[in-house]
Participant: 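Below is the structure I would like to discuss, written out as structure tokens.
We name chains A, B, ... by the order of the sequence lines, and we start the count at 1 in each one. Since the model is a prediction, treat every value here as computed from it, not as a measurement.
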Amino acid sequence: MALWRLGDSKAKPPVLVLTDLGAPVRSVASLVAALRARGREVFVAEWPRDAAPEELFLRHGPRALGESLRGRDRVALVGHGVGGALALLLAAAAPDRVAAVVTLGAPVRWSVPNLAVERALDNGAPAPGTPGTRAEAMLYDGVPGPARWGPYPLERVAAWMREGDLRFHGASYARALAGVRAPVRAWCGTADDLVPREACLVLRDFVAHADARPAGRIEWMKRDYSHAGLVAGADAAREIFPAVAEFLEENAE
Amino acid sequence: VTRARLLAVLVAFSAAHCALIQWAAGPPPAPAEFHRAKTRDGWEIELRRYKPAGAPQGPPVLCLHGIVANAYNVDLDERHSLARFVASRGREGWAMSMRGQGASTRPDWFAGRSADYDVDTIAAQDLPAAVAHVRAVTGAAEVDLIAHSLGGIAYYAWLAQGANAGTGAPSAAPGGIRRAATLGSPVVFRWGGWGESLARPLTMVGAWLPALPLRDLALISLPIHGAWDGPIERALLSFDNVDPVVWRRFMAVGADGISGGVLKQAARWIAEGRIVSRDGSVDYLAALASARTPTLVVAGRGDNMAAVHMVRPAYERLGAEKAWLVAGRADGARADYGHMDLLLGENAAEEVWAPVLAFLNAPAGTPAGTR
């Protein structure tokens, strides 16, 4: 795991940004820039490319949280994809140390099979995001070319996708979220083919106070957001990041 | 003089508006055979019949629209007509309007027809009357059904009444549906975001209205539909998939009102988070476990009105032979289908209706694609 630190403002709780599985730190570059512009100190965690969600949850995530909390009482968490799922789990595990949580396209429980994902897992069809294939759009719709970072490590979330809930050490991921006390805002991309809106909006079944909402035309946005589009989309800096920053300003001052 | 001028302005405005509606409505529908089915409680149901070119290759297919719509939603024009599509594939296609919609009889206080009818009424009266009429006219023992949105919920309510218990056997209700497909029929209501914040107060207010004259509102606002990705369009369709001209045409002839009864029932469903009968005694979703009619459940990946997770529980609960289809890019379609795209989408015939017809054509007992 690598942890970057940007800025040294002590005025507000820092923000720990948790990247998605397989996504480099540059996947959240413009999100980080938007948070920095609001005077936030930002930590960014990047995971080993072959890490499984369980490793994030049990090893890398708690370490990143511990590092970003050094000398501070509380931290705000912003996570993309599985990084968002990790943010929720950390908020449940350390309710006194997490001021607020924002997730972007974070899976909680998968409930509907996805043909393209099944084909990719079973028949060697290209994984979402594979350049030059139809599957590329599954991950990167609305994301400019240079901001893309390659295929999604689908096999790492295969068990989670197929079982619906993720079980590790005999515990249910979704049920573990009952301990979340911090304010939570979740954006669920309406064109997210990897973590479809139902897998993300279902958060409210486990964290009743969470404000989970679709990210797309129905919310007066210019486009329906894809998975990577939530952090790297052409319009995200105008439509998503200001709302993320405002939520943190309201809840993690 | 002032009164005369005012009158002249009104007449000119009305004439212009009529011309506008004519223009937006486009060509008149193809010659169909028009029928009227009588319900047990004395209403008349509009039916349009399209016959296949040769001998029918299966039972007739009854096509039922959803909320705020009428038969035009399943029979708008040559290219956007589910009823004509099934006829072109060797089945008789029948497009119907629920009571109070399209050319079906409308509520009339003076004639004793109140607007307090709801989905229970549609399931207990309109659907059986239409099915019985089609069977009587065609001589078919049973019909197949394709129902969109609220029409699909009415079908679930119809199943819950035990109407199809023991197909072919005499029962309290006439029965007679062999196989069915529902398109974008929600059974739970959880939108998240402003859709949800708005739905509750709106339906609470709506529950006190005798009816919602959405047909008139659609006609008044006609010029903006298709020209702007407004709130109605954002909730109902994607212009990636639906031609704006087709959408305006639908708004001119296919958009219709909602009865006070349906409003009241929808308000209750949204408030309680489940679809129940008028008296609250039957949970329509739970009752699907004992359904026996083979059913395909279709959801649009881009449907903001009946999102996948609001449609899926029906598939999961169904006790009968069943299949599941998502119309979206990840599942092989060219677009993520919105609510109206399922009926008005430019590729709906190939990407939605053809698989639906394939399900209806499958002989009973065929292992369904129960993904």
Participant: Apply the side chain to side chain contact (heavy atoms under 4.5 Å, CB included) test between A:E198 and each candidate in B:R190, B:R312, B:M310, B:H309; give the one that qualifies.
Facilitator: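 Per the side chain to side chain contact (heavy atoms under 4.5 Å, CB included) rule, the option paired with A:E198 is B:H309, out of B:R190, B:R312, B:M310, B:H309.
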
Participant: Do A:I218 and B:W191 come close enough that some side-chain heavy atom pair is under 4.5 Å?
Facilitator: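 A side-chain contact under 4.5 Å is absent here.
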
Participant: For the backbone of A:R217 and the side chain of B:R234, can you confirm whether one donor and one acceptor N or O come within less than 3.5 Å of each other?
Facilitator: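 Looks like yes, one N/O pair under 3.5 Å.
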
Participant: Please flag which part of A:W220 lies under 4.5 Å from any non-hydrogen atom of chain B: side chain, backbone, both or neither.
Facilitator: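 For A:W220, heavy atoms of backbone and side chain both lie under 4.5 Å from chain B.
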
Participant: With a cut-off of 6.0 Å (strictly less than), are more than 12 heavy atoms of other residues, nucleotides or ligands near CE of B:M305?
Facilitator: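 Result for CE/B:M305: open.
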
Participant: Can you tell me how far apart OG1 (A:T190) and CG (B:D336) are? Round to the nearest 0.5 Å.
Facilitator: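 If I round to the nearest 0.5 Å, the distance is 8.5 Å.
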
Participant: For A:A212, is it the side chain, the backbone, both or neither that has a heavy atom under 4.5 Å from a heavy atom of chain B?
Facilitator: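 The answer is the backbone of A:A212.
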
Participant: Of all the heavy-atom pairs spanning B:R301 and A:P196, show the shortest one and how long it is.
Facilitator: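 What the structure gives for the nearest pair is NH1-CB, 3.3 Å.
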
Participant: Give a yes or no on whether A:R175 atom CZ has more than 12 heavy-atom contacts from other residues, nucleotides or ligands under 6.0 Å away.
Facilitator: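 Counting other residues, nucleotides and ligands, CZ of A:R175 stays at 12 neighbours or fewer.
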
Participant: Side chain, backbone, both or neither: which part of B:A235 has an atom under 4.5 Å from a heavy atom of chain A?
Facilitator: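 Contact with chain A involves both backbone and side-chain atoms of B:A235.
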
Participant: Does any donor atom in the side chain of B:N304 or A:R197 lie under 3.5 Å from an acceptor atom in the other side chain?
Facilitator: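 Short answer, yes.
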
Participant: Using modelled atom types only, decide if a donor and an acceptor are shared between the side chain of A:E219 and the backbone of B:G193 within a distance under 3.5 Å.
Facilitator: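 Not at all, since once roles are kept as given, no pair shorter than 3.5 Å links the two residues.
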
Participant: Mind checking the CZ-CG spacing from A:R119 to B:D331? Nearest 0.5 Å is all I need.
Facilitator: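 Rounded to the nearest 0.5 Å, the CZ-CG separation comes out at 7.5 Å.
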
Participant: Using non-hydrogen atoms and a 4.5 Å limit, figure out which bit of B:D240 sits close to chain A: side chain, backbone, both or neither.
Facilitator: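 Neither part.
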
Participant: To check you understand the geometry: which heavy-atom pair defines the closest contact between B:A330 and A:M138, and what is its length?
Facilitator: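 Answer, listing the atom of B:A330 first, then A:M138: CB-CE, 4.2 Å.
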
Participant: Quick check: does any side chain N or O of B:W194 sit under 3.5 Å from a backbone N or O of A:R213, one acting as donor and the other as acceptor?
Facilitator: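 No; zero donor-acceptor contacts below 3.5 Å.
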
Participant: Tell me, out of B:G302, B:G328, B:P231, who's got the most heavy-atom pairs with chain A below 4.5 Å.
Facilitator: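 Among B:G302, B:G328, B:P231, the one with the most close pairs to chain A is B:P231.
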
